[in-house]
Trainee: 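Provided herewith is a single structure, encoded as structure tokens, for subsequent inquiry.
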Amino acid sequence: MKKTLLLLTMGFALFISSCGSGTEKGANGVTYKSPEDYNNYIINKQTETARNLLQFGNSVNTDAKGTLASLDNYASEIQKDIEDLKGMPAYKGNTELRDAAVSLFGFYERLFKEDYKKIAEIRAAAPDNNLTEAQAQELNQVAEKLSADEKGFDNRFQKAQRAFAKEHNMRILENELQKEIDKQ
């Protein structure tokens, strides 16, 4: 009798903890206790990436060869972030924000592996950092393409984030680093 009562009590405790906790734990091992935790986890990774984007923008014009060497490290960091983001659970059944973040980070990975690599290679090939007409034109083409591609990924992520915030009665604050990136 005591064993049955103990098992029922343990079963009831597990049921209560799984129903009422309001926490979500992902395959990445992180527990999200609130929608703010879930959103901020993504935003913190995005902020780290924004710092790398800014660092690239600031250094490619003065040290293209050094910047070129660091792109693989940036891409590797992004790949780890993508795997980490994929390990996030749905938040209360909703995967839209997580999926948009994974997509956006896939774009960031492509930036570091392809687009920024191309920009750094063009800059590194310029004698004394003086671009030829052809190099300048090629740089503009790469920049225009990545800018157009970025809009789609950014729009999808922002839309998902606004919907998530609305669903959970959250306020979205503007990221100060975004202003710096937009200036570049």
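Position 1 is the first residue of the sequence; numbering continues from there.
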Trainee: Donor-acceptor pair, distance only, cut-off 3.5 Å: does the side chain of N39 make one with the backbone of P35?
Mentor: no
Trainee: Going through the distances and angles, do I78 and K113 end up as a side chain to side chain contact (heavy atoms under 4.5 Å, CB included)?
Mentor: CA-CA 10 Å; I78 294 292; K113 284 184 172 180; over 6 Å; no
Trainee: Is there a side-chain contact between D81 and E109 (heavy atoms, below 4.5 Å)?
Mentor: no
Trainee: Using only atom types and a distance under 3.5 Å, with no angle test, would you say the side chain of S59 pairs donor to acceptor with the backbone of Q55?
Mentor: yes
Trainee: List the steps, then state whether side chain to side chain contact (heavy atoms under 4.5 Å, CB included) holds for D154 with F107.
Mentor: CA-CA 10 Å; D154 278 344; F107 169 73; over 6 Å; no
Trainee: Between Q79 and E83, does the side chain to side chain donor-acceptor pair (under 3.5 Å) criterion hold? Intermediate values first, please.
Mentor: CA-CA 6 Å; Q79 185 56 46; E83 291 307 311; 3.2 Å; yes
Trainee: Considering only NZ, NE, NH1 and NH2 on the basic side and carboxylate oxygens on the acidic side, decide whether K159 and E96 come within less than 4.0 Å.
Mentor: no
Trainee: Once rounded to the nearest 0.5 Å, what's the spacing between atom CG of N52 and atom CG of N73?
Mentor: 9.5 Å
Trainee: If you look at every heavy atom in A64 and A124, which pair is closest and at what distance?
Mentor: CB-N, 3.4 Å
Trainee: Please evaluate residues Q46 and T49 with respect to the criterion side chain to side chain contact (heavy atoms under 4.5 Å, CB included), reporting the C-alpha separation (whole Å), side-chain torsions for both, the decisive distance (0.1 Å), and the verdict.
Mentor: CA-CA 5 Å; Q46 190 179 31; T49 300; 5.5 Å; no
Trainee: Within this structure, what is the CG-CZ distance for the pair L104 and R156, rounded to the nearest 0.5 Å?
Mentor: 9.5 Å
Trainee: Report the residue from I42, T95, V30 that forms a side chain to side chain contact (heavy atoms under 4.5 Å, CB included) with M88.
Mentor: I42
Trainee: Rounded to the nearest 0.5 Å, what separates atom CG in L71 from atom NZ in K118?
Mentor: 13.5 Å
Trainee: Please step through side chain to side chain contact (heavy atoms under 4.5 Å, CB included) for the pair Y108 and L53, ending with a clear verdict.
Mentor: CA-CA 9 Å; Y108 293 152; L53 294 170; 4.3 Å; yes
Trainee: State, with a plain yes or no, whether a side-chain heavy atom of F112 is found less than 4.5 Å away from one of D72.
Mentor: no
Trainee: To the nearest 0.5 Å, what is the distance between CG (L68) and CD1 (I122)?
Mentor: 11.0 Å
Trainee: Measure the spacing between CZ of R110 and CZ of F105 and express it to the nearest 0.5 Å.
Mentor: 15.5 Å
Trainee: Answer whether the closest heavy-atom distance between the side chains of S103 and F157 falls below 4.5 Å.
Mentor: no
Trainee: When rounded to the nearest 0.5 angstrom, what distance separates CG in L131 from CD in Q137?
Mentor: 12.0 Å
Trainee: Side-chain contact test, heavy atoms from C-beta onward, threshold under 4.5 Å: evaluate it for Y116 versus T67 and give yes or no.
Mentor: no
Trainee: Apply ring-ring contact (aromatic ring centres under 6.0 Å, His included) to residues Y32 and Y91 and explain how you reach the verdict.
Mentor: CA-CA 9 Å; Y32 309 93; Y91 195 85; 7.6 Å; no
Trainee: May I ask you to say whether K80 pairs ionically with D84, meaning some side-chain N is under 4.0 Å from a carboxylate O?
Mentor: no
Trainee: So, T47 side chain and I43 main chain: donor-acceptor pair closer than 3.5 Å or not?
Mentor: yes
Trainee: Determine whether Y38 and H168 make a side-chain contact, defined as any pair of heavy atoms from C-beta on separated by less than 4.5 Å.
Mentor: no
